[in-house]
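We name chains A, B, ... by the order of the sequence lines, and we start the count at 1 in each one.
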Protein chains: 2
Amino acid sequence: MVDVAREAGVALRTVSRVVNQDSTVGPELVQRVRTAIAVLGYRPDERARHLRLGVTGTLGAAVRQLSHVNPVLRAVERAARAADLMVLAASTEDDETLERHVVESMCRRRFDGIVLEPIGDDHGYLVPELEAGLSLVAVDRPVLGLDVDCVLSDNRSGIETAYRHLVRHGHDRIAYIGDDERIYTARERAMAFRECVAAHGGALGTMLHTGQVESGRIREAVRAALAGPAPATAIVTGNAQLSVEVLRQLGTDAVDVALIGFDDSELATLLRPDLTVIAQDTDAIGSTAIEMLRARIADPATEVRKVTVPVELIVRGSGEVPPAF
Amino acid sequence: MVDVAREAGVALRTVSRVVNQDSTVGPELVQRVRTAIAVLGYRPDERARHLRLGVTGTLGAAVRQLSHVNPVLRAVERAARAADLMVLAASTEDDETLERHVVESMCRRRFDGIVLEPIGDDHGYLVPELEAGLSLVAVDRPVLGLDVDCVLSDNRSGIETAYRHLVRHGHDRIAYIGDDERIYTARERAMAFRECVAAHGGALGTMLHTGQVESGRIREAVRAALAGPAPATAIVTGNAQLSVEVLRQLGTDAVDVALIGFDDSELATLLRPDLTVIAQDTDAIGSTAIEMLRARIADPATEVRKVTVPVELIVRGSGEVPPAF
DNA sequence: CCAAGCTGAGATAACGTTATCTCGAAAGGT
DNA sequence: ACCTTTCGAGATAACGTTATCTCAGCTTGG
C-alpha cells in the first residue's frame with residue numbers, strides 16, 4: 001500500500017480511501033491510484049484490515065463431516081451469504097478433540113461467530129471463549145451444561161408422529177433401530193420411542209435396538225426384531241444411514257414390513273415402495289441459526305434462545321404397508 | 001497482551017515468549033505470565049500473528065457443494081491435517097461468480113494455498129492472483145487456459161474400461177447417459193464414449209444422451225435408449241447422481257439391463273444386483289492435491305504438474321448382466 | 001473584506017503480534 | 001583479576017490496514 005501511495009504520489013490514507021470507495025477523493029487522484037494499483041499488482045490484505053477493524057465478517061461452521069450430505073450446512077451458507085457474511089467450514093469428524101481444535105482455531109482467528117454441531121458431553125473448553133465474547137449457536141444438538149443458543153429439531157414429536165402413524169395403520173408390534181445413544185439425537189429419539197411403547201401399554205422386548213451403525217449389528221437387530229413368535233410388522237429407523245442399512249438387510253422382504261425413516265434423503269424415492277420419512281426442516285434450522293447468531297453478534301447481551309423446529313411426516317408408501325400376520 | 005505484561009510485571013516480548021513456549025524464560029516468570037493470562041482471560045489473536053508472520057497456516061478449499069458427498073474433500077482435509085495445516089472450505093454452488101468471490105476472499109485473507117474445483121471456462125480473474133504468488137491446485141477439472149497444477153481422474157480410460165467390460169460380456173448396443181457437456185468431466189466422458197463406439201464400428205444413434213440432470217430428461221433418455229428395433233442392452237451412466245436417476249427410471253426393468261455407473265457411492269450395494277462402478281481414487285486425488293500444494297507453497301517456482309489418477313472398475317453384478325435379445 | 005464553513009488530502013497513531021537488537025548479570029577459563 | 005561466553009529479559013520496530021486529527025485552500029454570507 002505504501003508503494004502504491006509513492007507510485008501515485010499520494011498519501012497512504014488516500015490509497016485506503018480509493019480502495020474503500022470513499023467519495024472524498026478527487027477523480028484525478030482516484031485514477032492515479034487505480035493505475036498505480038494495477039501497475040504494482042497490489043492486493044489488499046484482509047488480515048490487517050480485520051485487525052484494524054476488529055471484525056472479520058466471517059462465520060465459522062464446525063460440522064461433523066463437510067463431505068457428507070448436510071442440508072443444514074447448505075442453508076447456513078445461503079443465509080449467511082444473504083447477510084453478506086462469509087462462511088468458512090471445517091470438519092470435526094465426530095471427534096471431541098478435533099472439535100475443540102477447530103473451534104479454538106476459529107476463535108483465535110476472531111471469526112465473528114461460530115455455528116457448531118456439538119459432540120459429546122463436555123464443552124468446558126468453551127467457557128473462557130464465551131466469557132471472552134464468542135458468539136456461538138449450536139445446531140442439531142445442544143451444548144450440554146452450558147447456556148448457549150441452539151436450534152434443534154423436534155426429535156421426540158418426530159418419533160411420536162411416526163409411531164402414531166404406524167398404529168393408525170394397524171400396527172401393534174413396532175420396532176425401533178437407532179444410532180448410538182451417546183449421541184444426543186439418538187438418545188432423544190430412543191427415549192421418545194420407549195415412551196411411545198409404554199404409553200401404548202406394550203413391552204419393548206426385542207423391539208428396540210440402538211448402538212453404532214455397523215452392518216453386523218444392524219443385521220442382528222433386524223433379525224431379532226423380525227424373529228420369534230411376535231415379530232415386528234413395522235420398523236422405525238433412527239436416521240438416514242440406518243434406513244439404508246435396514247433396507248439393505250431387509251432385502252426382498254422390504255415390501256412386507258412397514259418402514260418409516262428419520263431424515264429425508266435423495267434415495268427415499270428410489271425404492272419400492274418409496275420411503276415414508278420424518279423430515280427435518282433443514283432450511284428453517286439453518287436460517288434460524290444464522291439469524292440467532294447475527295442477533296448475538298449485534299448484541300452479546302441478547303437473551304439465550306433455545307429453538308425447536310417442527311418436523312414433518314412425508315407419506316410415500318413404505319409407512320403405509322399394512323401389518324402382515 | 002500488553003495488559004498481561006503489565007499484570008505479570010514483565011515485558012510484552014516475554015508474554016509472547018511464554019505463549020510460544022520459548023524456552024528462554026525463567027520458570028518463575030512463566031508462572032507469573034500464565035496466571036496473568038488466566039486472570040485476564042487473554043486469547044491470542046491469530047490475525048495479528050499471521051500478519052506479522054506472513055503465513056497463515058491455512059488452506060482454502062473452494063468446492064461445488066460443501067454439503068454434498070465429496071470424498072476428495074475429505075481426503076484433502078485429512079492430508080492437510082497431517083501436515084498441520086487448517087483447511088477452511090466454502091461452496092461455489094457451481095456458479096462462476098460465486099467461485100470468483102470465494103477465491104478472491106481467500107486470497108485477500110492470505111490463505112497459504114487454495115484447492116479449487118474450477119467451474120466454467122474463464123478463469124482470467126486468477127491471473128493477477130497467481131502473479132501475486134497465489135498457490136493453487138485444481139482438482140477434478142483443469143483450469144482451462146491457465147498453466148496451473150491440477151489433479152484429475154482418468155475419465156477417458158474409465159469410460160473405455162466400462163465399455164470394454166460390457167463388450168466382453170456380450171453387449172453390442174451400449175448406451176451412455178451423461179451430464180451436461182459444459183462440465184469438463186461430462187465432456188471428457190462423453191467424448192471418450194463416442195470414441196469407443198466409433199472404434200467398435202458402431203453408430204451412436206439413440207445411444208448417447210447428455211444434458212442437465214433432470215428427471216424428465218433422464219426419463220426420455222432411458223426410454224429412447226431402450227426403444228426401437230435395436231434397443232440398448234447395457235447403459236453406462238456419467239456420474240453417481242445419474243446412476244440413481246437412471247435406476248429410478250428403469251424401475252423393475254433394472255434387472256434386465258446391464259448397468260455400469262461412473263463414481264462409486266454408498267448406495268451401490270443397496271440395489272439388486274449391486275451396482276458395478278468405475279470408482280475414482282478419491283484418497284489419492286486429495287492427498288496428491290495437498291502434496292502438490294505444499295510443494296508449490298514451499299517453492300513457488302516448482303514446475304507445474306498435471307497429474308492423472310487412475311480409476312478402477314469395481315465388479316458387483318449390475319455390469320455383468322448378459323444382453324437380453 | 002473577513003469570519004465561518006466546507007472539502008479534499010496528508011500525518012500520525014493505533015490494531016496485536018513477533019524479530020531483532022541490546023543489555024545486565026552470572027558463569028567459566030586463563 | 002579480567003576477558004569472554006551464555007542466558008534471561010527488555011525496548012523498539014516492523015507487518016498492512018483504517019480512524020482521527022490537522023490543515024490548506026476554497027466558498028459563502030453578512
Side-chain angles (χ1 to χ4, degrees), chain A residues 1-37 40-58 86 104-112 129 132-134, chain B residues 1-37 40-58 86 104-112 129 132-134:
Chain A
M1 201 156 177
V2 81
D3 295 339
V4 172
R6 190 167 344 137
E7 172 82 13
V10 300
L12 194 57
R13 188 65 183 87
T14 303
V15 178
S16 170
R17 289 194 175 101
V18 171
V19 170
N20 292 297
Q21 321 226 34
D22 189 319
S23 60
T24 73
V25 186
E28 187 213 353
L29 283 199
V30 170
Q31 200 46 53
R32 280 205 343 241
V33 171
R34 287 257 166 77
T35 57
I37 286 175
L40 296 176
Y42 162 77
R43 323 262 94 203
D45 186 326
E46 291 278 354
R47 294 174 297 190
R49 187 153 189 280
H50 293 157
L51 179 59
R52 181 63 238 238
L53 255 46
V55 297
T56 56
T58 310
M86 177 159 202
E104 286 182 339
S105 273
M106 290 175 170
C107 289
R108 283 196 301 269
R109 277 157 223 259
R110 295 292 189 274
F111 284 4
D112 292 346
E129 306 292 353
L134 168 63
Chain B
M1 201 157 176
V2 79
D3 296 338
V4 172
R6 189 164 348 134
E7 172 84 13
V10 300
L12 194 58
R13 188 66 183 90
T14 302
V15 178
S16 171
R17 287 193 176 101
V18 171
V19 171
N20 292 297
Q21 323 225 31
D22 188 320
S23 61
T24 73
V25 186
E28 187 214 352
L29 284 198
V30 171
Q31 200 45 53
R32 287 219 318 258
V33 171
R34 287 255 167 80
T35 58
I37 286 177
L40 297 175
Y42 162 76
R43 325 260 95 205
D45 186 325
E46 290 279 354
R47 294 173 299 188
R49 189 154 188 277
H50 294 327
L51 180 59
R52 178 65 238 236
L53 255 45
V55 297
T56 56
T58 311
M86 176 159 203
E104 287 182 340
S105 274
M106 289 173 169
C107 288
R108 282 197 302 269
R109 277 157 222 261
R110 295 291 189 273
F111 284 6
D112 292 346
E129 305 294 352
L134 168 65

Review point. For the side chain of A:Arg43 and the base of D:dG16, is some donor closer than 3.5 Å to an acceptor across the two?
Key: no
For residues 21-31 of chain A, dump all side-chain donor-acceptor pairs below 3.5 Å to protein atoms at least two apart in sequence or in another chain.
| residue | atom | partner | partner atom | Å |
| --- | --- | --- | --- | --- |
| A:Asp22 | OD1 | A:Thr24 | N | 2.9 |
| A:Asp22 | OD1 | A:Thr24 | OG1 | 3.0 |

Check your understanding: Between atom CZ in B:Arg6 and atom C1' in D:dG10, what is the gap in whole Å?
Key -> 16 Å
Point to revise | Stretch residues 22-33 of chain A: residues that reach within less than 4.0 Å of DNA chain D through a heavy atom | key: none
**Study point:** Sequence-distant partners of B:Thr58, side-chain hydrogen bond (donor to acceptor under 3.5 Å, both in side chains), two or more places apart
**Key:** A:Arg109
**Study point:** Rounded interatomic separation in angstrom, taking CZ from A:Arg17 and C1' from D:dT17
**Key:** 14 Å
Review point. What's the CG-P distance between A:Asp3 and D:dT17, to the nearest Å?
Key: 10 Å
Practice item. Quantify the bending of the helix from C:dC1-D:dG30 to C:dT30-D:dA1 as the angle between its end axes, each fitted on five pairs, to 10°. Key: 50°
Review point. Can you tell me how far the CZ atom of B:Arg32 sits from the CD1 atom of B:Ile37, to the nearest 0.5 Å?
Key: 13.0 Å
Point to revise | A:Arg13 (side chain) and C:dG8 (base): donor-acceptor pair under 3.5 Å | key: no
**Study point:** Value in whole Å for how far the C1' atom of D:dG8 lies from CG of B:Asn20
**Key:** 17 Å
Practice item. Give a yes/no on whether any side-chain N or O of A:Thr14 is located under 4.0 angstrom from OP1 or OP2 of C:dA9. Key: no
Point to revise | hbond_proxy A:Arg47 side chain to C:dT17 base (donor-acceptor, 3.5 Å cutoff) | key: no
**Study point:** Partner set under side-chain hydrogen bond (donor to acceptor under 3.5 Å, both in side chains) for B:Arg108, not counting sequence neighbours
**Key:** A:Glu46
Exercise for review: Kindly say if A:Ser16 contacts the phosphate of D:dT18, meaning a side-chain N or O under 4.0 Å from OP1 or OP2.
Suggested key: yes
Review point. For A:Val19, which contact category applies under a 4.0 Å heavy-atom criterion: base, sugar-phosphate, or nothing?
Key: nothing
Practice item. State the CG-CZ distance between B:Asn20 and B:Arg49, to the nearest 0.5 angstrom. Key: 5.5 Å
Quick test: give all pairs of protein nitrogen or oxygen and nucleotides 13-15 of chain D nitrogen or oxygen below 3.5 Å, distance rounded to 0.1 Å.
| residue | atom | partner | partner atom | Å |
| --- | --- | --- | --- | --- |
| D:dA14 | N3 | B:Arg52 | NH1 | 3.0 |

Check your understanding: Whole Å only: how far is the CZ atom of A:Arg49 from the P atom of C:dT17?
Key -> 20 Å
Check your understanding: Is the shortest heavy-atom distance from the side chain of B:Val2 to the side chain of B:Arg6 under 4.5 Å?
Key -> yes
Check your understanding: Contact class for B:Val10 (heavy atom, under 4.0 Å): base, sugar-phosphate, or nothing?
Key -> sugar-phosphate
Check your understanding: With sequence neighbours excluded, what pairs up with A:Thr56 under the side-chain hydrogen bond (donor to acceptor under 3.5 Å, both in side chains) test?
Key -> A:Asp112
**Study point:** Residues in side-chain contact (heavy atoms from CB on, under 4.5 Å) contact with B:Ala36, at least two apart in sequence or another chain
**Key:** B:Val4, B:Glu7, B:Ala8
**Study point:** B:Arg13: side-chain contact (heavy atoms from CB on, under 4.5 Å) partners, not counting sequence neighbours
**Key:** B:Ser16, B:Arg17
Revision key, fill the gap. Sorted by chain and residue number, the salt bridge (Lys or Arg N to Asp or Glu O under 4.0 Å) partners of A:Arg34 (sequence neighbours excluded) come out as none
Point to revise | Partners passing side-chain hydrogen bond (donor to acceptor under 3.5 Å, both in side chains) against A:Arg52 (at least two apart in sequence or in another chain) | key: none
Point to revise | Whole angstrom value for the distance that separates P of C:dT17 from CZ of A:Arg108 | key: 12 Å
Review point. Tell me: CD of A:Glu46 to C1' of D:dT17, nearest whole Å?
Key: 10 Å
Review point. Is the backbone N or O of B:Ala132 less than 3.5 Å from a side-chain atom of A:Arg43, with the two atoms forming a donor-acceptor pair by type?
Key: no
